[in-house]
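Remember, predicted model here, so these are calculated numbers, not experimental data.
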Amino acid sequence: MSTSMDPDSVDGDFADGVLTTAFFVAWFDDIAEQVRLQRERLTALDAAIGDADHGTNLDRGFTEVGKALTESPPASPGQALLSAGTTLIRRVGGASGPLYGSAFRAMGKAVEAPVTLARFAAAFDAGVVAVEQLGKAVPGDKTMVDALVPASRALALAVRDGVGVGEAFELAARAAEQGARATIPLRARKGRASYLGERSIGHEDPGAASSALIVASLATVATAAS
């Protein structure tokens, strides 16, 4: 993982409401750390309704993202997102690699510099749409979409209401967490969990849980940079 980043470079333009390249690198660093810490929890959630490898796969994937960003430092937020997405697609097995990879690549293609909250929210929504299209999932299917869509809506509302970046990410993190928790009583309609039928009820979807973790990392990095 990258550990040589200057904290001041994360602060930089963030005080002016602009997310720098360093901010995105810090985001991926924090995601990797949180995935490492919650690897067993994510794997346990997946063991109940999936292949029992979600935490392990994501841990390996985001570790590789950190290496890629360190070995080839991105020159822009878009490059950071594209590099992360490409790495996840190449390095992570199962459905999570292509889904998260496609999300970050879509964000990287959509994001415009300088990255204001409004531009980030639009790019984030493009990432969510990529996940919906690739996974052919909608809210209520008991997938990562159940956490990502509420987070995207929260960001859009924050932009509309003129909320600051840090508070906007906190609202998005809260919405994603609530969305993930709301998958517990749902019956899975997509993915391997759907084969379990009624037995999928009563378990939090691992993809929604990891999505909530990823959004929470945005708030964590924003707080550290403020």
Side-chain angles (χ1 to χ4, degrees), residues 27 30-63 65 88-89 91-104 106 124-125 127-158 168-220:
W27 181 28
D30 192 73
I31 291 172
E33 177 65 11
Q34 294 309 312
V35 167
R36 183 186 68 79
L37 292 173
Q38 297 195 41
R39 179 180 58 198
E40 300 306 320
R41 170 179 171 261
L42 293 173
T43 295
L45 289 174
D46 197 32
I49 58 175
D51 294 328
D53 59 2
H54 191 60
T56 303
N57 283 343
L58 289 188
D59 185 24
R60 180 175 65 254
F62 281 104
T63 296
V65 167
L88 290 172
I89 290 173
R91 299 292 187 178
V92 181
S96 58
L99 287 168
Y100 278 129
S102 296
F104 287 124
F124 188 90
D125 187 62
V128 175
V129 170
V131 171
E132 290 177 311
Q133 292 178 341
L134 181 60
K136 297 180 174 58
V138 297
D141 282 343
K142 198 182 181 87
T143 70
M144 60 177 66
V145 168
D146 288 294
L148 293 175
V149 167
S152 185
R153 288 173 179 164
L155 287 174
L157 289 174
F169 289 161
E170 289 286 352
L171 291 170
R174 195 176 309 154
E177 178 63 24
Q178 291 173 347
R181 296 288 184 184
T183 65
I184 295 174
L186 297 178
R187 173 175 174 169
R189 296 200 292 258
K190 294 291 180 180
R192 185 178 180 85
S194 64
Y195 301 149
L196 298 178
E198 296 292 334
R199 288 180 293 161
S200 65
I201 296 173
H203 301 281
E204 183 175 357
D205 179 69
S210 61
S211 293
L213 180 156
I214 287 170
V215 179
S217 282
L218 273 175
T220 298

(request) Could you pull out the closest heavy-atom pair between A208 and A147, with the gap in Å? (result) O-CB, 3.5 Å

(message) I need the minimum non-hydrogen distance between L171 and A154, along with the two atoms involved.
(response) O-CB, 3.9 Å

(request) Please examine the side chains of V215 and F169, heavy atoms only from C-beta on, and report whether any two atoms are closer than 4.5 Å. (result) no

(message) Counting neighbours of CZ on R91 that are heavy atoms of other residues, nucleotides or ligands and sit closer than 6.0 Å, is the number greater than 12?
(response) no

(message) Side chains of M144 and V131, heavy atoms from C-beta outward: is any pair under 4.5 Å?
(response) yes

(request) Could you tell me the separation between the CZ atom of R39 and the CG atom of D53, rounded to the nearest 0.5 Å? (result) 13.0 Å

(message) To the nearest 0.5 Å, what is the distance between NE2 on H203 and CZ on R187?
(response) 13.5 Å

(message) To check you understand the geometry: which heavy-atom pair defines the closest contact between S217 and D30, and what is its length?
(response) OG-OD2, 2.8 Å

(request) Might you point out which heavy atoms bring G127 and A106 nearest each other, and give the distance in Å? (result) CA-CB, 4.0 Å

(message) If you define the side chain from C-beta out and look only at heavy atoms, does anything of V65 sit under 4.5 Å from L88?
(response) yes

(request) Rounded to the nearest 0.5 Å, what's the gap from CG on D59 to CD on E40? Could you check? (result) 9.0 Å

(message) Filter on side-chain hydrogen bond (donor to acceptor under 3.5 Å, both in side chains), then keep only pairs touching residues 205-215, sequence neighbours left out; what's left?
(response) H54-S210, Y100-S210, Y100-S211

(message) Distance check, rounded to the nearest 0.5 Å: L218 atom CG versus L155 atom CG?
(response) 7.5 Å

(request) Tell me whether the centres of the aromatic rings in F104 and W27 are closer together than 6.0 Å. (result) yes

(message) So which atom in A137 and which in V145 form the shortest heavy-atom distance, rounded to 0.1 Å?
(response) CB-CG2, 4.0 Å

(request) Sort and list the pairs that fulfil salt bridge (Lys or Arg N to Asp or Glu O under 4.0 Å) and have at least one residue in residues 171-181, not counting sequence neighbours. (result) E177-R181, R181-E204

(request) For L42 and A209, work out which heavy atoms get closest and say how close. (result) CD2-CB, 3.9 Å

(request) Would you list the pairs meeting side-chain hydrogen bond (donor to acceptor under 3.5 Å, both in side chains) in which at least one residue belongs to residues 140-154, sequence neighbours left out? (result) D125-S152, D141-R189

(request) Only one of L148, T183, V149 passes side-chain contact (heavy atoms from CB on, under 4.5 Å) with P139; say which it is. (result) V149

(message) Can a donor-acceptor pair be found, under 3.5 Å and without considering hydrogens, that links the side chain of T220 to the backbone of A216?
(response) yes

